[in-house]
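This report concerns only the one structure given below.
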There are 2 protein chains.
Amino acid sequence: MGERYLKSIRLLAECMQGFERLSGEHVRKHGLTHAQFDIIATLGNTEGMSYKELGEKTLITKGTLTGVIERLEQKGLVERERSLDDKRSWFIRLTPKGDRMFRDVFPQVVSEGSAVFAHFTENDFAALEQTLSGLKQVIAAGSDS
Amino acid sequence: MGERYLKSIRLLAECMQGFERLSGEHVRKHGLTHAQFDIIATLGNTEGMSYKELGEKTLITKGTLTGVIERLEQKGLVERERSLDDKRSWFIRLTPKGDRMFRDVFPQVVSEGSAVFAHFTENDFAALEQTLSGLKQVIAAGSDS
DNA sequence: TATTGTTATACTCTATAACTATA
DNA sequence: TATAGTTATAGAGTATAACAATA
């Protein structure tokens, strides 16, 4: 049965894999794991958020999250504060050191990316974004069913 | 600094994340981990290959690969045979049971995907493939530097 | 009763490096 | 000397389930 879309999925996977190969080196150089970088990147440029929200955004389950946040806290990269509204909940945010890490590592990963896209034209970007937006929407629609 | 391409990367990541969310459930239902499914999927529809080749295709390092293959062998899903050409090397291939697993799990993941792409037209697919192919090439080019 | 986060368990993946057996 | 795979180590992520505190 000619699975017409399989080629697209394989391409998508290969693109992400290529990008992870490219960025992973920088992330590890700073002593971060993939999960830890996920958290740093998710917290970057925000006021902070709860475990629940972090878990939803990163797909890391709550039990795992406790450990990941703990290690980031030990490194002095994040800090926690009890929520005033709901005393069961915490607010996790980057410390100044965590913010520096975010601004250090992210642009490095990003500048590798920049080189990769150096000869993309404005039209190329527009086309890519439109295509991926459409793809994202059909995938999100599939998740509901 | 307007990182023009960041939006594309974020979209790409969100697409893959959405797809993994969709497929991960089926993979786990069959008692496989992500890494194990990677191996099964890579060996599916092939004559088999060496650890070296498997490692290159899946990005799993050789030390890890020994363990992953071992667990798949214990489950009776893959079998190993010494290469005749090079006695240091092995050929790993799916067993009949492994092949059934491949044909069971893959189509399930895939049919979820099918639903997702149900209303894609031939032109949509062509556009998506062309865009992703271009993206893959620039990323691969970036890896060389 | 339901939800937020913690703890405990058991397993798997991961990077790394030293090792063996072949080449 | 170099390469294919193994073994050992230490750390980290994962699913799951029972639990405490709060809602």
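Since this is a predicted model, take the numbers as computed values, not measurements. By convention in this document, chain letters (A, B, ...) are assigned in the order of the sequence lines, proteins followed by strands, and residues within each chain are numbered from 1.
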Measure the distance from CG on Leu32(A) to C1' on dG13(D) and round it to the nearest whole Å.
-> 15 Å
Pairwise side-chain contact, Leu94(A) with Leu77(A), heavy-atom cut-off 4.5 Å (strictly under) = no
Donor-acceptor pair, side chain of Arg82(A) and main chain of Lys87(A), under 3.5 angstrom = yes
Please give, in whole Å, the distance from dT4(C) C1' to Glu56(A) CD?
-> 12 Å
With respect to the phosphate group of dT3(C), does any side-chain polar atom (N or O) of Tyr51(A) fall under 4.0 Å of OP1 or OP2?
-> no
May I ask you to say what Ser89(B) touches in the nucleic acid, namely base, sugar-phosphate or nothing, with a heavy-atom cut-off under 4.0 Å?
-> sugar-phosphate
Any side-chain heavy-atom pair of Ile39(B) and Ile60(B) under 4.5 Å = yes
Arg93(B) and Arg80(B), any side-chain heavy atoms less than 4.5 Å apart = no
Spacing between Gln74(A) atom CD and dA12(D) atom C1', to the nearest angstrom = 12 Å
Hphob cluster co-occupancy, Leu43(A) + Phe91(A), side-chain heavy atoms under 4.5 angstrom | no
Under the 3.5 angstrom rule, does the side chain of Lys75(B) hit a backbone N or O of Gly31(B) as a donor-acceptor pair?
-> yes
Euclidean distance, atom CZ of residue Phe91(B) to atom C1' of dG5(D) [Å, nearest integer] = 15 Å
Let me know the distance between CZ of Phe37(B) and P of dT12(C), rounded to the nearest Å.
-> 18 Å
Take atom CZ of Arg80(A) and atom C1' of dG5(C), then tell me their distance rounded to the nearest Å.
-> 9 Å
Between Leu72(B) (CG) and dT12(C) (C1'), how many Å, whole number?
-> 12 Å
Report yes if a side-chain nitrogen or oxygen of Thr66(A) is closer than 4.0 Å to either non-bridging phosphate oxygen (OP1 or OP2) of dG5(C); otherwise report no.
-> no
Sequence-aligned protein contact record of nucleotides 13-22 of chain C, with B where the base is within under 4.0 Å of a protein heavy atom and S where only the sugar-phosphate is | SBS-----BB
Atom pair OG (Ser83(A)) and CD1 (Ile92(A)), whose distance is rounded to the nearest 0.5 Å | 10.5 Å
In whole Å, what is the span from the CD1 atom of Ile39(B) to the P atom of dG5(D)?
-> 12 Å
Give a yes/no answer on whether the side chain of Ser50(A) brings an N or O atom under 4.0 Å of OP1 or OP2 in dT4(C).
-> no
